[in-house]
Amino acid sequence: LNNKYSKRICEEINNWIIENPFLYGINWVEGIEVGIRSINWVITFDLISKTSSIDNVLDSFVETLYLHGYYLEENLSDKWITNNNHIIAELAGLAFIGNFFKNYSFGQKWFNFALDNLILELENQVMDDGFIWESSTGYHKFVTEMIYLVERLASKENDPRSKVLKKILDPMLIALHYSIKPNGDICRIGDSDDAVVLKFSNNTNFPDFLNSASISYSDDNLFFGKEHSEYSFWINGYSVVPKETNKEQFKVFSDSGLIFYNNILNGEKFWCCFNAGNQHEKYLGAGHRHADILSLNVNLNGNDLIVDSGTYKYFDSKVIRDYFKGTIAHSTTNIRNKSQIKFKERFETSLKYNAISKITFIDKENYKVTAEHDGYVKDFSTILERNISFSEKVEIIDSSRSSNNNQTNVNLVIPFDVKTEIINDNCVILNDLFEIIIKTENVKTRIYDSFLSKSYGVLRKCKIVQFTSADKQIKTDLKIRNN
């Protein structure tokens, strides 16, 4: 490593140690941050350990890293019935610290404790389809990166538990790969605070570590993107130009309730995610869950057309937090603009105010799926159902099963830079290329301004196209216009 950079790195580390005495200040509040920092410090040490710059900071570095390990061992986030990404980060950090001190008994103890408990946590937190239980693609990306790095560490040490980690990791990598849109970003389902472990790119939605995993495991099916990977360069020692990979056109993840469709339609690259909702009642209390059951995300030729509104902030106004988690901020159906789930806390989702979803029909050969949820039973005695058929166009039937005549809305969240033209109440055109056709006669259409957040803490304008009807069914076609 160039001495100029190693010197700067050591100066940064030394400054951090001086400014952040053990247990003082915001950087010692959350174990998840201590864990992420520990991984970065240990990996960075490998780069600078043979430079002369390390001499000035070595003693304080080793002492502070030890204190990181002590902190993590004593402050694990293990208080919940089902733990979450926090304890994964803490155990991952402890594994790296333990390996750093592997010549000492306490280091071996930390390493073994971390790997054993990490495996136990993953067995509880990762569902059979490969997605984590938290109903969040952003946190799935974050957890998958951590497990990849820990597996690489264990494999380097010839630890047999690396094979156990790899077996858990494989379906996680596949799930993440399918959640990538044609523009290289993951689709946003649920909360995201843009968390990453190793930040080699300013785009935190871009899971570059998949290209590193492709090299590590000689698996071309994980490649994506078109450029050399910075992540691969630092972790694998070299990078290659990613190869084009072929995904299944219709992929169902039956536990998370995520269904992905990708195809070439009329010469255009079409990608869609249908979120039927987590299919396990025991996971409905996920703190990062949104009221987004039956929602759609659509991307055409790398451009987002129909999206999720994102997260914005966790600790701003509770009203704003509820809006971004609520149903009207998602591309799905609602009744009278009410949310399918009521959020009483910022992160807790009470089963009393929850919604249970169910995939009731799947035809994998003909690309059809039907799902429903009971989020409006208590207030409106209504079950909402969405039936989707993917072919040369996307045919959607939204049904309201109720003895009441409730006003049902179909909301579509549209990025502000997408040209949106209402032809009439039954036709909306996006970017002069994509048609939304309502085949129900008694429908009213309107567009109103709202907000979305593509990155944590960043607010942008968007448009919401809303179709409203008192009919029991609203039929919609999404298709590419004929030239």
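Between Gly35 and Leu72, the closest heavy-atom pair is N-CD2, 4.0 Å. Smallest separation of non-hydrogen atoms from Ala329 and Tyr323: CB-O, 3.3 Å. In terms of heavy-atom proximity, Ile147 sits nearest to Met172 at CG1-CE, 4.4 Å. Residues Phe45 and Leu58 share a closest heavy-atom pair of CE1-CD1, 3.7 Å. The nearest pair of heavy atoms linking Leu258 to Cys273 is CD2-SG, 4.2 Å. When all heavy atoms of Gly302 and Asn183 are compared, the closest pair comes out as O-CB, 3.2 Å.
Within 6.0 Å of NZ on Lys247 lie more than 12 heavy atoms contributed by other residues, nucleotides or ligands. For CG of Asn366, the number of neighbouring non-hydrogen atoms (other residues, nucleotides, ligands) closer than 6.0 Å is greater than 12. Within 6.0 Å of NZ in Lys318 there are more than 12 heavy atoms belonging to other residues, nucleotides or ligands. Within 6.0 Å of the NZ atom in Lys166, the count of heavy atoms belonging to other residues, nucleotides or ligands exceeds 12. Surrounding CD of Glu281 are at most 12 heavy atoms belonging to other residues, nucleotides or ligands under 6.0 Å away.
Here His288 contributes atom NE2 and His140 contributes atom NE2; the two are 15.0 Å apart, rounded to the nearest 0.5 Å. The CD1 atom of Ile235 sits 10.5 Å away from the CZ atom of Arg152 when rounded to the nearest 0.5 Å. The CG atom of Asp208 sits 13.5 Å away from the NZ atom of Lys199 when rounded to the nearest 0.5 Å. Taking CD1 of Ile174 as the reference point, atom CG of Leu210 lies at 11.0 Å (rounded to 0.5 Å). Ile168 contributes atom CD1, which lies 5.0 Å from atom CG of Leu122 (distance to the nearest 0.5 angstrom). The distance from atom OG of Ser212 to atom OH of Tyr148, rounded to the nearest 0.5 Å, is 2.5 Å.
Judged by distance alone, the side chain of Asp292 and the main-chain N or O of Ser295 form no donor-acceptor pair under 3.5 Å. Lys141 contributes a side-chain N or O that, together with a main-chain N or O of Ala195, makes up a donor-acceptor pair within less than 3.5 Å. Under a 3.5 Å cut-off, the side chain of Asn117 and the backbone N or O of Phe113 do form a donor-acceptor pair. With Asp374 contributing its side chain and Ala355 its backbone, the two residues share no donor-acceptor pair below 3.5 Å. A donor-acceptor pair under 3.5 Å is absent between the side-chain atoms of Glu121 and the main chain of Asn83, judged by distance alone. Using modelled atom types, no side-chain atom of Ser450 and backbone atom of Lys463 make a donor-acceptor pair closer than 3.5 Å. Between the side chain of Ser453 and the main chain of Val458, a donor-acceptor pair closer than 3.5 Å is present. No donor-acceptor pair under 3.5 Å is formed between the side chain of Glu151 and the backbone N or O of Leu165. Counting only distance, with no hydrogens or angles, the side chain of Thr332 and the backbone of Ile293 share a donor-acceptor pair below 3.5 Å. Panel note: side chain Ser309, backbone Leu452; no donor-acceptor pair is recorded below 3.5 Å.
Within the 6.0 Å centre-distance limit, the rings of Tyr367 and Phe250 are counted as a close aromatic pair. Taking the ring centroids of Phe106 and Trp110, they lie under the 6.0 Å cut-off. Between Phe347 and Tyr314, the gap from one ring centroid to the other is short of 6.0 Å. Aromatic ring centroids of Tyr261 and Trp271 lie 6.0 Å or more apart. Taking the six-membered ring wherever Trp is involved, the centroid distance between the rings of His280 and Tyr283 falls below 6.0 Å.
Inspection of the Ser254 and Asp129 side chains reveals no N or O donor paired with an N or O acceptor under 3.5 Å. If you check the side chains of Glu145 and Tyr231, you find a donor sitting under 3.5 Å from an acceptor. Under 3.5 Å, the side chains of Thr333 and Asp398 contain no donor-acceptor pair of N or O atoms. A donor-acceptor contact closer than 3.5 angstrom is absent between the side chains of Asn431 and Asn303. Using a 3.5 Å distance cut-off with no hydrogens or angles, the side chains of Thr370 and Asn387 do pair a donor with an acceptor. Under 3.5 Å, the side chains of Thr204 and Tyr456 contain no donor-acceptor pair of N or O atoms. Between the side chains of Ser339 and Asn334, no donor-acceptor pair of N or O atoms lies under 3.5 Å. For the 3.5 Å distance criterion, the side chains of Gln279 and Asp255 fail to qualify, holding no donor opposite an acceptor. For Asn85 and Glu134, the side-chain atoms include at least one donor-acceptor pair closer than 3.5 Å. A donor-acceptor contact closer than 3.5 angstrom links the side chains of His228 and Ser239.
Tested against Val413 for a side-chain contact (heavy atoms from CB on, under 4.5 Å), the candidates Leu305, Val307, Ile328 yield a single pass: Val307. Only one option out of Phe96, Trp16, Tyr66 pairs with Trp41 in a ring pair (Phe, Tyr, Trp, His ring centres under 6.0 Å); it is Trp16. When the options Lys325, Arg321, Arg289 are evaluated for a side chain to side chain donor-acceptor pair (under 3.5 Å) with Asp191, the one that passes is Arg321. Among the candidates Asp308, Asp194, Asp304, the single residue satisfying the salt bridge (Lys or Arg N to Asp or Glu O under 4.0 Å) test with Arg188 is Asp194. The only member of Ile54, Thr44, Asn15 that meets side-chain contact (heavy atoms from CB on, under 4.5 Å) when paired with Cys10 is Ile54.
Comment: Asp322 does not engage Arg346 in a salt bridge, judged by the lack of any side-chain N to carboxylate O separation of less than 4.0 angstrom. Note on Arg386 versus Glu372: no salt bridge recorded, every NZ/NE/NH1/NH2 to OD/OE distance being 4.0 Å or above. Glu12 has a carboxylate O that lies under 4.0 Å from a charged side-chain N of Arg8, or vice versa, which qualifies the two as a salt bridge.
The cationic atom of Lys461 (NZ for Lys, CZ for Arg) does not lie both less than 6.0 Å from the six-membered ring centre of Phe451 and within 45° of the ring axis. A cation-pi contact links Lys251 to Phe253, judged by a cut-off of 6.0 Å to the six-membered ring centre and 45° from its axis.
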(message) Evaluate Asp193 against Tyr139 for side-chain hydrogen bond (donor to acceptor under 3.5 Å, both in side chains), listing each step before the verdict.
(response) CA-CA 8 Å; Asp193 62 1; Tyr139 283 103; 3.0 Å; yes
(request) Apply the test side-chain hydrogen bond (donor to acceptor under 3.5 Å, both in side chains) to residues Glu90 and Ser77: give CA-CA distance (whole Å), side-chain angles for both, the deciding distance (0.1 Å), then the verdict. (result) CA-CA 8 Å; Glu90 292 158 0; Ser77 303; 2.6 Å; yes
